[in-house]
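Right, one structure below, let's go through it.
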There are 2 protein chains.
Amino acid sequence: MKIGELARLLGVSTDTLRYYEQHNLLSPSARSESGYRLYDQTQLKQMQFILRAKEVGFSLKETSELLQIKVDKNQHSCEEVKGITLQKLELVRARIAELQCFEKSLSKLAKRCCGGQESADFCSILTALEDVDGTHK
Amino acid sequence: MKIGELARLLGVSTDTLRYYEQHNLLSPSARSESGYRLYDQTQLKQMQFILRAKEVGFSLKETSELLQIKVDKNQHSCEEVKGITLQKLELVRARIAELQCFEKSLSKLAKRCCGGQESADFCSILTALEDVDGTHK
DNA sequence: ATAAACCTTAGAGTTAACACCAAGGTCAAG
DNA sequence: CTTGACCTTGGTGTTAACTCTAAGGTTTAT
Ligand SMILES: [Zn+2]
Ligand SMILES: [Zn+2]
Ligand SMILES: [Zn+2]
Ligand SMILES: [Zn+2]
């Protein structure tokens, strides 16, 4: 299988596949005489692993770690794998909390502004941001 | 006030102030003979506005838009201001939803892995990512 | 035999919000 | 008069995950 075929099969770009190769996520199984990358079922499976890891939120770096473990599983423990997962989970939760804080502030601001066509001279959003005490009132 | 003083007052770096100037968020009120940036109360207030906007989640670009409106409020409407706010709110909510999806998947994965010291040969996290049908069972 | 479709490498561009650095000018204190 | 603290410009580096370009070689179909 050449790079274009694999890309079409997976719904990614050939650039992406070359990028993953550069970043040690996926190497072709061989090269043709003319230097074209060649892939087979093993690579297809591996890309599916990568894409699934991406779906659940792992970064490419984290996915790469998981792949390292996957290639010789018996040299690694469940502890490691779960560690990576929990660490990511922490990060995701922290980011959610931060965004929820934004969400709260923004919806509070939006609720108080009439949103009408009249001039913004007394817009409560602007005044809330101007006031030193922008959180209350 | 020179740039260092203003920076100390606000708890930001002088680099940040110069960066904001480059990006049209805050210009000094004047320059000294020797070319030093000079700021006064107006700039202090404006920086506080910027920092508050940042606190509620606005990007610098969005903050810049808000500042444009603020400088001549009567040429703009509440509608515009609320529009920016609601648009941001949408974005934040979308991002939260995406992260919550990750959170769900990750916690499901973590829950099923024993996390023990034994080899990862049968780690349910890895097998879940390997299986085409990684979401169920 | 030639055009279309495919492939190669190497490198630059994108976005956000700065941090850091070099080389040099300025200003107050001792 | 010389440190040391401060300031200037202009530039590069950071992170993530690609995307795009240039300049060229290969394959396949007509
Ligand atoms: Zn209004
Ligand atoms: Zn309003
Ligand atoms: Zn286990
Ligand atoms: Zn496990």
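Only heavy atoms go into these numbers, but all of them, side chains included; no hydrogens, no water, no symmetry mates. A note on names: the letters A, B, ... follow the listed sequences, proteins ahead of strands, and every chain is numbered from 1.
Counting to the nearest Å, the P atom of dA19(C) and the CD1 atom of Ile3(B) are 12 Å from each other. Atoms OH (Tyr19(B)) and C1' (dT12(D)) sit 15 Å apart, rounded to a whole Å. Atom CG of Leu60(A) and atom C1' of dT15(D) are 12 Å apart (whole Å). Atom-to-atom, CG of Leu6(A) to C1' of dC7(C) comes out at 14 Å; the value is rounded to the nearest Å. Here the P atom of nucleotide dA17(C) and the NE2 atom of His23(B) are 9 Å apart, to the nearest Å. Rounded to an integer number of Å, the gap from Leu91(A) CG to dA16(D) P is 11 Å. Remark: C1' of dG11(D) and CD of Gln22(B) are 11 Å apart, rounded to the nearest angstrom. If you measure from atom NZ of Lys61(A) to atom P of dT14(D), you get 14 Å, rounded to the nearest angstrom.
A cation-pi geometry, defined here as NZ or CZ lying under 6.0 Å from the six-membered ring centre and within 45° of its normal, does not hold between Lys2(A) and Tyr39(A).
A salt bridge between Glu130(B) and Arg52(A) is absent, with no side-chain N of the basic residue lying under 4.0 Å from a carboxylate O of the acidic one.
Of the side-chain N and O atoms in Thr16(B), one or more sit less than 4.0 angstrom from OP1 or OP2 of dA19(C). A close approach under 4.0 Å does not occur between any side-chain nitrogen or oxygen of Tyr36(B) and OP1 or OP2 of dC27(C). Contact annotation: Lys54(B) does not reach the phosphate of dA16(C) (side-chain N/O to OP1 or OP2, under 4.0 Å). For dT8(C), the OP1/OP2 oxygens have a side-chain nitrogen or oxygen of Arg37(A) closer than 4.0 Å. For dT19(D), the OP1/OP2 oxygens have a side-chain nitrogen or oxygen of Ser13(A) closer than 4.0 Å.
At most 12 non-hydrogen atoms from other residues, nucleotides or ligands lie less than 6.0 angstrom from CD of Gln87(B).
Ser32(B) comes within 4.0 angstrom of nothing in the nucleic acid, heavy atoms only. Within the 4.0 angstrom heavy-atom criterion, base atoms lie near Arg18(A).
Residue-to-nucleotide proximity on DNA chain D shows that, of Asp15(A) and Glu33(A), the 5′-proximal contact is made by Asp15(A). Mapped onto DNA chain C by nearest heavy atom, Ser34(B) and Ser59(B) fall at different nucleotides, with Ser59(B) at the one closer to the 5' end.
Placement of Leu38(B) and Leu6(B) in two distinct hydrophobic clusters is found when ILVMFWY residues are connected by side-chain heavy-atom separations under 4.5 Å, directly or transitively.
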Report task. In sequence, state the C-alpha distance, the side-chain angles, and the governing distance for Ile96(B) and Gln100(B), and then conclude on side-chain contact (heavy atoms from CB on, under 4.5 Å). Result -> CA-CA 6 Å; Ile96(B) 288 175; Gln100(B) 278 172 340; 3.7 Å; yes
